[in-house]
Amino acid sequence: MTAGGGGPETKRLAVLGHPVSQSRSPAMQSAALEALGLSGEWSYGAVDLDPAEFDERVRALPGEGYVGVNVTIPHKESALRVADEASDAAHQIGAANTLSFPDDLIRADNTDATGLLATLPEPLEGRAALVLGAGGSARAAAWALAGKGASVSVWNRTATRGDELVRDLAGTGVGTVAEGRLAAISADRARTGSFDLIVNCSAIGMEDEDPFEHLPVDPDRLRAGVTVVDLVYAGSESRLVAEARSRGATTIDGLEILVRQGAESLRLWTGMDPPLDAMREAARRGSETDG
């Protein structure tokens, strides 16, 4: 376990995950705090937290000087459950990636959705999107895209989890632009369907696996006019992003998503505009070191 240091008056931040050693968030957020002139008052670290210890540990954080934390795999759904209050986005998505501790309360937010939307180059109304995965990030992606008027298909290797995601989000979409825009689909339909946007929210690619062996994506359908987003950012450019880019598709990698969602978290904690360039530079520098 590592955590941001500092004196007793330091406002502490961290990322919680399991594992968390490869996270770029500490370097990225520390660079942001320095650029904002807050590095003497704030710190950002990492805490590797076993799921069985999550609730108890999170409740103890305010007493240890923490004012907020980012939350990553596998804790995003637990982060919502442990919270005393939650934003509408976190509640509707069913997962949180950001916790704040105002007045001894635990508040849950979800900046995965806003972070994804901030990276997309085109309007989403009427677009066909494929979301791969069914975890917290996939929930945020599907909610965000459907809420902007895209028709969203969800595939997960365990089909029942994809069904559950769609069922949960369909309930929160009643009476909104997202109503009727979500469907769970089979691997065959995912592989043969025509999509304007593909978002990989699965862990495939973290270990440099062949994405076309493990995901229902036909590389021949990656072409100009298609946007491919891969949340994976381990090491160098992911194989999915590299292949899509070589075929003329618009690509957005996991580091840009990390920067955007991290920036929104930082805005919530500090009330200040995040320094995106400093955050990108720190995140990319970590990628070069890992690669």
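Values in this document were obtained by computation on a predicted structure and should not be read as measured data.
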With side chains defined as the heavy atoms from C-beta onward, is the minimum distance between Y66 and L99 less than 4.5 Å? no
Which heavy atom of A242 sits nearest to which heavy atom of E237, and what is that distance? CB-OE1, 3.3 Å
Should E256 and R24 be marked as a salt bridge (charged side-chain N to carboxylate O under 4.0 Å, His left out) after you check the CA-CA gap, both sets of side-chain angles, and the distance that decides it? CA-CA 11 Å; E256 183 62 20; R24 309 282 168 73; over 6 Å; no
Can you find a heavy atom in the side chain of D196 that is under 4.5 Å from one in the side chain of L124? no
Got Y44 and L266 here, is their nearest side-chain heavy-atom distance under 4.5 Å? no
I'd like to know if F101 and V47 are part of one continuous hydrophobic network [Ile/Leu/Val/Met/Phe/Trp/Tyr, side-chain heavy atoms within less than 4.5 Å]. yes
Applying the 4.5 Å side-chain criterion to the ILVMFWY set and letting contacts propagate, would L36 and L13 be lumped into a single cluster? yes
Salt bridge or not for R267 and E264, using N-O below 4.0 Å? yes
Taking side chain as C-beta onward, heavy atoms only, is E281 less than 4.5 Å from D277? no
As an exercise, state the distance from CG of L165 to CH2 of W155, rounded to the nearest 0.5 Å. 13.5 Å
Looking at Q22 and Y233, what are the two nearest heavy atoms and their distance? O-CE1, 4.4 Å
Does some side-chain heavy atom of L130 sit less than 4.5 Å from a side-chain heavy atom of I185? yes
For E64, is the CD atom crowded, meaning more than 12 foreign heavy atoms sit under 6.0 Å from it? yes
Value rounded to 0.5 Å, distance of OG in S153 from CZ in R181: 12.5 Å
Result of checking R139, K76, R260 against D112 for side-chain hydrogen bond (donor to acceptor under 3.5 Å, both in side chains): K76
Going through the distances and angles, do R247 and D220 end up as a salt bridge (charged side-chain N to carboxylate O under 4.0 Å, His left out)? CA-CA 8 Å; R247 291 172 178 265; D220 290 335; 3.2 Å; yes
Nearest heavy-atom neighbours spanning A140 and I93: N-CG2, 3.6 Å
Nearest-0.5 Å distance, OG1 of residue T72 to NE2 of residue H18: 12.5 Å
Under 3.5 Å, is there a donor-acceptor pair between the S25 and N70 side chains? no
Looking at A27, is its backbone amide N or carbonyl O close enough to the side chain of S30 to form a donor-acceptor pair, meaning the two atoms are under 3.5 Å apart? no
Minimum heavy-atom distance between P274 and M279, given as atom pair plus value: CB-SD, 4.1 Å
Run the side chain to side chain donor-acceptor pair (under 3.5 Å) check on D55 and S78 step by step: do they pass? CA-CA 8 Å; D55 288 15; S78 297; 5.2 Å; no
Please tell me whether N110 and S87 have a donor and an acceptor in their side chains that are separated by less than 3.5 angstrom. no
Joint hydrophobic cluster, I257 plus V228, side-chain heavy atoms closer than 4.5 Å: no
Gap separating the CD atom of E53 from the CG atom of D48, nearest 0.5 angstrom: 9.5 Å
Criterion salt bridge (charged side-chain N to carboxylate O under 4.0 Å, His left out) on R239 and E243, from CA distance to verdict: CA-CA 6 Å; R239 294 169 72 173; E243 183 68 23; over 6 Å; no
May I ask whether L169 and L197 are part of the same hydrophobic cluster, defined by side-chain heavy atoms of I, L, V, M, F, W, Y residues being less than 4.5 angstrom apart, directly or through others? yes
Can you name the one residue among D103, D104, L105 that meets side chain to side chain contact (heavy atoms under 4.5 Å, CB included) with D84? L105
Under 4.0 Å between a Lys/Arg side-chain N and an Asp/Glu carboxylate O for R245 and D253? no
Single-linkage hydrophobic cluster L132~L120, side-chain heavy atoms < 4.5 angstrom: no
Within the supplied structure, the quantity of interest is the number of heavy atoms (other residues, nucleotides, ligands) at a distance under 6.0 Å from I73 CD1; does it exceed 12? no
Nearest heavy-atom neighbours spanning G162 and A134: N-CB, 4.1 Å
Counting only heavy atoms not in R157 (residues, nucleotides, ligands), do more than 12 fall under 6.0 Å from its CZ? no
dist M28:CE -> L33:CG (nearest 0.5 Å) comes out at 10.0 Å
How long is the gap from CG on D109 to NE2 on H91, to the nearest 0.5 Å? 13.5 Å
Are any of the side-chain heavy atoms of V82 and R59 separated by less than 4.5 Å? yes
Quick one: does V199's side chain get under 4.5 Å of L231's, heavy atoms only? yes
Does CD belonging to E34 count more than 12 external heavy atoms closer than 6.0 Å? no
Residues L240, V232; criterion side-chain contact (heavy atoms from CB on, under 4.5 Å); working and verdict: CA-CA 9 Å; L240 178 59; V232 168; over 6 Å; no
Got V217 and P211 here, is their nearest side-chain heavy-atom distance under 4.5 Å? no
All heavy atoms of T227 vs all of P121, minimum pair found to be OG1-CG, 4.2 Å
Between the main-chain N or O of R221 and the side-chain N or O of R223, is there a donor-acceptor pair closer than 3.5 Å? yes
